[in-house]
Amino acid sequence: MIRKILEIARRILISLWCRLARNGQNVVTAFVQIWAHKGRSLLTTLGIIIAVASIITVVAFVEGFGKYVTGMLQGYGTQFIIVHPDIPFGGQRPGQRPVTMDIADLEAVRTECAAVRRLSPLLFQSVTVAYGGETAADIAIRGVNEYYQAIRNYYVDVGRFFGPMDVEDGAYVCVLGRTLLKMLECDESIVGDWVYIGDRRFRVVGLLRSKGSMFDEDQDQTVMIPYTTALTMYPENRERMVFLAEAADEARIDQAEGQIVRILRQRHALPPGQPDDFNLERQDQMINEFNQVRNIATGVLAGIVSISLLVGGIGVM
């Protein structure tokens with residue numbers, strides 16, 4: 001019995017040795033052929049390296065850029081909703097019911113939406129800002145309240161943001177973005193001094209923390225003032241207001257959206273079946289849509305590079 005086991009083991013070892021010998025001979029033969037055709041071997045290896053590196057580079061670039069943009073969007077807040085009146089293209093037609101959104105609508109949303117933590121009006125205008133002998137044109141002015149900094153993560157790092165008393169009184173105070181500060185050729189000592197926004201004089205109470213650029217839009221080229229002051233300067237916006245509503249948390253943003261739609265439809269007396277006369281834009285939906293586009297772009301670019309790799313592989317074979 002023992003002899004049979006030893007004989008079987010001997011045969012297995014001999015078989016393995018023969019296979020190793022043949023494989024070793026094949027490896028030696030391969031190296032000989034590579035050495036005999038150095039140029040062809042170098043070009044083949046180079047083609048494989050370039051193709052594989054191209055795939056890795058393309059996928060890494062798209063993924064890295066996507067994560068950068070997603071992180072930037074998340075830095076602006078992910079649980080707020082932008083609500084604005086749906087003004088027909090070309091303006092109101094004769095006999096058409098006017099589309100409005102006023103401060104009473106905002107107050108109704110604030111008091112009756114349990115899923116909304118806080119909200120802020122948002123008035124946009126393009127203005128000229130002057131300080132000393134310097135003037136900056138086409139500056140985005142934002143009329144907001146004290147909650148805007150928390151909703152959009154727009155905090156100050158020098159001075160202060162305007163408070164509820166400034167908003168209630170319609171005070172002529174402002175906070176400046178860092179790019180605007182450079183355009184006016186001044187430094188942080190401007191806090192406490194006066195600037196001219198249009199033909200009105202405002203006291204600078206703070207400087208905003210730098211936010212950077214997004215899609216070629218400089219987020220720091222801005223000035224913020226109380227929305228009550230902005231309504232005094234631009235009264236035509238009183239019935240076409242835009243506002244930001246922040247959900248209590250990310251899990252309740254759908255609930256907040258539903259409550260806003262219900263309250264505004266009731267206030268605007270819209271019957272069932274009639275379209276909304278306002279639009280809602282959610283930041284989290286923008287992030288999801290961007291991620292979908294990023295995934296599609298990654299797949300398409302990787303597929304194109306993979307085709308070139310396949311063609312090169314056929315050539316190698």
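Here the structure is a predicted model, which means the values were calculated and not measured.
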Given side-chain contact (heavy atoms from CB on, under 4.5 Å), test Leu280 with Ile82 step by step and report yes or no.
-> CA-CA 6 Å; Leu280 281 74; Ile82 304 174; over 6 Å; no
Applying side-chain contact (heavy atoms from CB on, under 4.5 Å), run through Met233 and Ile225 and close with a yes or a no.
-> CA-CA 11 Å; Met233 299 171 64; Ile225 64 175; 4.0 Å; yes
Show your reasoning for whether side-chain hydrogen bond (donor to acceptor under 3.5 Å, both in side chains) applies to Arg262 and Gln259.
-> CA-CA 5 Å; Arg262 175 179 57 81; Gln259 291 176 356; 5.6 Å; no
Hey, mind stepping through Cys113 and Ile263 against side-chain contact (heavy atoms from CB on, under 4.5 Å) and telling me if it holds?
-> CA-CA 8 Å; Cys113 290; Ile263 290 171; 3.2 Å; yes
Which is it for Lys211 and Asp220 under the salt bridge (Lys or Arg N to Asp or Glu O under 4.0 Å) test, yes or no, and what are the steps along the way?
-> CA-CA 6 Å; Lys211 296 283 284 187; Asp220 301 318; over 6 Å; no
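When each of Asn145, Val173, Val144 is tested with Pro226 by the rule side chain to side chain contact (heavy atoms under 4.5 Å, CB included), just one qualifies, namely Val173.
When every heavy atom of Ala137 is checked against every heavy atom of Gln221, the shortest pair comes out as O-NE2, 4.5 Å. The shortest non-hydrogen separation linking Thr100 to Asp105 is O-OD2, 4.2 Å. When all heavy atoms are compared, the tightest approach of Leu270 to Pro275 is CD1-O, 3.9 Å. Between Arg160 and Gly163 the shortest heavy-atom distance is NH1-N, 3.8 Å. For the pair Leu119 and Ala245, the tightest heavy-atom approach, listed with the atom from each and the gap, is CB-CA, 3.9 Å. The two residues Met241 and Asp102 make their nearest non-hydrogen contact at SD-C, 4.0 Å.
For the pair Leu106/Pro121, a side-chain contact is recorded, criterion being any heavy-atom separation below 4.5 Å from C-beta on. Using a 4.5 Å heavy-atom cutoff, the side chains of Ile253 and Glu257 are not in contact. Leu123 is listed as a side-chain neighbour of Leu231, based on a closest heavy-atom distance under 4.5 Å. In this structure the side chain of Met101 reaches within 4.5 angstrom of the side chain of Val83, judged on heavy atoms. In this structure, Val195 and Arg201 have side chains that are not in contact, with every pair of non-hydrogen atoms separated by 4.5 Å or more. Within the 4.5 Å cutoff, no side-chain heavy atoms of Val175 are placed close to those of Val204. Counting heavy atoms from C-beta outward, Tyr227 and Val167 have side chains that approach closer than 4.5 Å. Counting heavy atoms from C-beta outward, Asp193 and Tyr131 have side chains that approach closer than 4.5 Å.
Heavy atoms of other residues, nucleotides or ligands lying less than 6.0 angstrom from OH of Tyr147 number 12 at most. When the shell of 6.0 Å around CZ of Phe124 is examined, it contains more than 12 heavy atoms from other residues, nucleotides or ligands.
Taken to the nearest 0.5 Å, the CD atom of Glu236 stands 6.0 Å off from the CD atom of Gln125. Taking CG from Asp166 and SG from Cys174, the interatomic distance works out to 11.0 Å, rounded to the nearest 0.5 Å. Between the NE2 atom in His84 and the CG atom in Leu244 there is a gap of 10.5 Å [rounded to 0.5 Å]. Note that the CD atom of Glu146 and the CZ atom of Arg118 stand 10.5 Å from one another [nearest 0.5 Å]. Between the CG atom in Asn153 and the CZ atom in Phe80 there is a gap of 9.0 Å [rounded to 0.5 Å]. Asp218 CG to Thr179 OG1: the interatomic distance, rounded to the nearest 0.5 Å, is 3.5 Å.
Residues Ile151 and Val242 share a hydrophobic cluster, clusters being chains of Ile/Leu/Val/Met/Phe/Trp/Tyr side chains in contact below 4.5 Å. Cluster membership for Val156 and Ile141, using ILVMFWY side-chain heavy atoms within less than 4.5 angstrom, is not shared. Leu208 and Val191 fall into different hydrophobic clusters, where Ile, Leu, Val, Met, Phe, Trp and Tyr residues are linked whenever their side-chain heavy atoms come under 4.5 Å apart, directly or through other members. Under the 4.5 Å side-chain heavy-atom criterion for grouping Ile, Leu, Val, Met, Phe, Trp and Tyr, Val223 is connected to Leu207 within one hydrophobic cluster. Under the 4.5 Å side-chain heavy-atom criterion for grouping Ile, Leu, Val, Met, Phe, Trp and Tyr, Ile139 is connected to Leu181 within one hydrophobic cluster.
In this pair, Tyr154 and Tyr148 present their aromatic rings parallel. The plane angle is below 30°, not in the 30 to 60° band.
Between the side chains of Tyr172 and Arg200, at least one donor N or O lies within less than 3.5 Å of an accepting N or O.
Counting only distance, with no hydrogens or angles, the side chain of Thr222 and the backbone of Ala140 share a donor-acceptor pair below 3.5 Å. Of the possible donor and acceptor atoms, one in the side chain of Thr232 sits under 3.5 Å from a partner among the backbone N and O of Thr228. Side chain of Asp249 to main chain of Arg252: a donor-acceptor pair is present (N/O by atom type, distance under 3.5 Å, no hydrogens or angles). Judged purely by atom type and a 3.5 angstrom limit, Thr111 uses its side chain to pair as donor or acceptor with the backbone of Glu107.
The pair Arg265-Asp276 counts as a salt bridge, with a side-chain nitrogen and a carboxylate oxygen less than 4.0 angstrom apart.
Pairs passing the salt bridge (charged side-chain N to carboxylate O under 4.0 Å, His left out) check and including a residue from residues 180-190, sequence neighbours excluded, read Arg178-Glu188.
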